[in-house]
Undergrad: 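Have a look at this one before I ask anything.
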Amino acid sequence: MSLLIMLLLLELLQGNSSSIPINASITYVGSAFSITVYQLSFKNVTGYIMAPQGVYEGVFAGLLKVGNLTYVGTYHGLISRSSFIGSFTPIIVYKSVSIPTVLTSGNYTGFEAIAQSNVPIYLRYLVFNEYSNGTLVNTLSLVGVNTTKPPLTIWFSNGHDCTRYLINVTFYDPMSVVPIPVIVNTQPPISYFVSNVSIISVYPQTELTLLEPGDIVVAESPISEANYTMYICRKITSLSNPNFLYVIEYLGSSGVAISGLTITKVFGIKGSGSSIAVVNRVFYVLTSGKYRVTTYSVGPNNLLSTGRGSIIDFTVLAMTVLRNYGIPTRVVLGFYGVNNGNDIYVFNSETNILWDESFIGGWVMFMPYPTYGKPAMGISLVNITSSVIIGLALVLPWIIGYLIYVLISHVRAR
């Protein structure tokens with residue numbers, strides 16, 4: 001069942017809500033999965049319209065953002081080259097939730113955890129959609145789409161040939177943003193897909209809220225321990241994502257301008273290949289050895305011409321290129337675990353890492369930069385630790401005092 005049909009059925013069940021007259025300017029955001037996305041703005045209100053490609057009049061699913069409220073509903077009206085005239089009928093309303101929005105040390109310096117898992121994992125933490133002033137930022141309003149006591153399931157994709165893993169994580173400092181264990185591909189082609197992760201229990205017991213866009217989980221009160229199940233698949237199938245309205249927000253500008261001609265020349269992708277083929281091609285080119293990771297940033301838009309760049313440069317470049325091909329993509333901050341033996345993995349702020357997630361019917365996770373090692377279950381950490389830590393630190397103005405700051409700070413992300 002399409003998202004639009006579900007929204008219309010819900011509208012009928014709830015009765016006719018009050019419609020909001022709209023006469024607004026629109027800009028083209030991008031196209032994905034036979035859907036064209038427009039951003040709408042008027043007065044102090046913004047929104048998104050999702051229209052089937054080639055359809056410009058009728059009823060369309062979409063979002064409308066007013067202050068810290070996000071309304072999911074349907075647009076009724078006419079789309080022209082630069083405007084939308086019609087109305088918006090709200091169906092569901094969500095209130096925005098505040099979490100860290102900028103990649104700075106204060107948002108992860110105090111992170112320490114220990115995990116028991118029979119497979120190497122990453123702990124997924126924060127999500128970013130744009131590059132600004134030399135670092136990553138999130139400019140999207142995050143709303144709670146599901147609040148419940150555990151279990152809470154986060155769906156990333158749907159697949160088969162899957163294996164279930166049980167994971168326990170203990171946090172040294174209680175966490176408000178709940179890290180999610182995942183597997184990340186480090187060498188092409190993408191071979192592992194995270195289907196879903198369920199938070200089975202937390203201590204102390206509290207309610208959990210799933211935030212979109214971003215698939216971030218926050219706890220009503222900080223937790224010190226969590227138990228998870230994680231399903232990893234070798235094959236991906238299409239996923240009817242109930243939160244697809246939020247996926248399309250990752251088609252917007254990345255904050256970096258690279259010409260389509262340059263992208264085509266470097267990556268050699270012409271015509272309409274499958275989404276997974278496009279992702280794998282970008283993944284392959286950036287990890288092939290032609291471009292190298294450095295401890296300083298040249299800017300994502302200069303990486304292709306200089307042949308080098310920081311981890312931030314690589315991940316933002318991949319996000320920009322894939323959005324150019326109509327593939328929603330975001331950058332994630334997480335942590336990798338150091339194997340302490342007996343299936344015990346130790347995490348701290350110095351094991352921070354970045355990767356990209358692209359939506360191809362489900363989210364796929366990969367590191368679009370050379371890691372120079374043989375992957376095991378999608379994990380390879382050889383020779384990337386120092387470059388990632390230093391690459392992130394060099395973005396900040398307090399490089400010299402960084403190590404001292406790590407020792408004395410215990411800032412908890414809220």
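The first residue of the sequence shown is numbered 1, and numbering continues consecutively from there.
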Undergrad: Testing Ile216, Val332, Val197 one by one against Ile180 for a side chain to side chain contact (heavy atoms under 4.5 Å, CB included), which residue passes?
TA: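 Only match with Ile180 under side chain to side chain contact (heavy atoms under 4.5 Å, CB included): Val197.
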Undergrad: Quick check: does any side chain N or O of Ser224 sit under 3.5 Å from a backbone N or O of Tyr203, one acting as donor and the other as acceptor?
TA: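 Indeed, once roles are kept as given, a pair shorter than 3.5 Å links the two residues.
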Undergrad: Classify the ring geometry between Phe88 and Tyr75 as parallel (under 30°), tilted (30 to 60°) or perpendicular (over 60°).
TA: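 Taking Tyr75 first and then Phe88, their aromatic rings sit tilted (interplane angle of 30° to 60°).
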Undergrad: Do the side chain of Asn185 and the main chain of Met365 share a donor and acceptor less than 3.5 angstrom apart?
TA: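 Pair found, side chain donor or acceptor close to backbone of Met365.
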Undergrad: Under a 3.5 Å distance rule, please check whether Asp313 uses its side chain to pair with a backbone N or O of Val298 as donor and acceptor.
TA: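 Yes, the answer is positive, given that a donor and an acceptor are paired below the 3.5 Å cut-off.
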Undergrad: So, Ser96 side chain and Asn68 main chain: donor-acceptor pair closer than 3.5 Å or not?
TA: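 A pair under 3.5 Å: yes.
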Undergrad: Taking Leu354 as the fixed residue, which of Val316, Val184, Val331 is the one that meets the side chain to side chain contact (heavy atoms under 4.5 Å, CB included) rule?
TA: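 Going through Val316, Val184, Val331 one by one, the side chain to side chain contact (heavy atoms under 4.5 Å, CB included) with Leu354 is satisfied by Val331 alone.
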Undergrad: Determine yes or no for a side-chain-to-main-chain donor-acceptor pair under 3.5 angstrom, with Asp215 supplying the side chain and Leu210 the backbone.
TA: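 Between the backbone of Leu210 and the side chain of Asp215 there is no qualifying donor-acceptor contact (under 3.5 Å).
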Undergrad: Is it the case that the side chain of Ser31 and the backbone of Thr36 share a donor-acceptor pair, with hydrogens and angles ignored and the cut-off at 3.5 Å?
TA: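 No.
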Undergrad: For residues Ile121 and Tyr336, determine if any side-chain heavy atom of one lies less than 4.5 Å from a side-chain heavy atom of the other.
TA: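 No - every pair of side-chain heavy atoms lies 4.5 Å or more apart.
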Undergrad: Any side-chain heavy atom of Ser254 within less than 4.5 Å of one from Tyr131?
TA: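 When only atoms from C-beta onward are counted, Tyr131 and Ser254 do not touch, as no gap falls below 4.5 Å.
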Undergrad: With ring pair (Phe, Tyr, Trp, His ring centres under 6.0 Å) as the test, pick out the partner of Tyr122 among Phe335, Trp355, Tyr345.
TA: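 Exactly one candidate clears the test, Trp355.
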Undergrad: With a 3.5 Å distance limit and no angle check, can you tell me whether Arg164 reaches the backbone of Thr229 through a side-chain donor-acceptor pair?
TA: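 No, because the side chain of Arg164 does not come within donor-acceptor range (under 3.5 Å) of the backbone of Thr229.
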Undergrad: Over all heavy atoms of both residues, which pair between Asn138 and Leu140 is shortest? Give the atoms and the distance, please.
TA: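 Heavy atoms only, the tightest pair is ND2-O, 3.0 Å.
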Undergrad: Can you tell if the side chain of Thr74 reaches within under 4.5 Å of the side chain of Phe60, non-hydrogen atoms only?
TA: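 Heavy-atom side-chain distance check fails, nothing below 4.5 Å.
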Undergrad: Does Arg308 make a cation-pi contact with Tyr291 (under 6.0 Å, within 45 degrees of the axis)?
TA: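 Output no; distance or angle outside limits.
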Undergrad: Please confirm whether the backbone N or O of Thr89 pairs with a side-chain atom of Ser19, one donor and one acceptor, at under 3.5 Å?
TA: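 No, because the side chain of Ser19 does not come within donor-acceptor range (under 3.5 Å) of the backbone of Thr89.
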Undergrad: Can you confirm if the NZ or CZ of Arg330 lies within 45° of the ring axis of Trp363 and under 6.0 Å from the centre of its six-membered ring?
TA: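 Pair Arg330/Trp363 counts as cation-pi.
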Undergrad: With heavy-atom distances below 4.5 Å as the criterion, would you say the side chains of Phe314 and Leu303 are in contact?
TA: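 A side-chain contact under 4.5 Å exists here.
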Undergrad: Does the Ser83 side chain pair with the main chain of Ser80, one donor and one acceptor, at a distance under 3.5 Å?
TA: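 Here the side-chain-to-backbone pair does not exist.
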Undergrad: Looking at Gly252, is its backbone amide N or carbonyl O close enough to the side chain of Arg323 to form a donor-acceptor pair, meaning the two atoms are under 3.5 Å apart?
TA: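 Yes, Arg323 side chain to Gly252 backbone: donor-acceptor pair under 3.5 Å.
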Undergrad: If you look at every heavy atom in Pro189 and Asn280, which pair is closest and at what distance?
TA: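 So the two residues come closest at CA-OD1, 3.3 Å.
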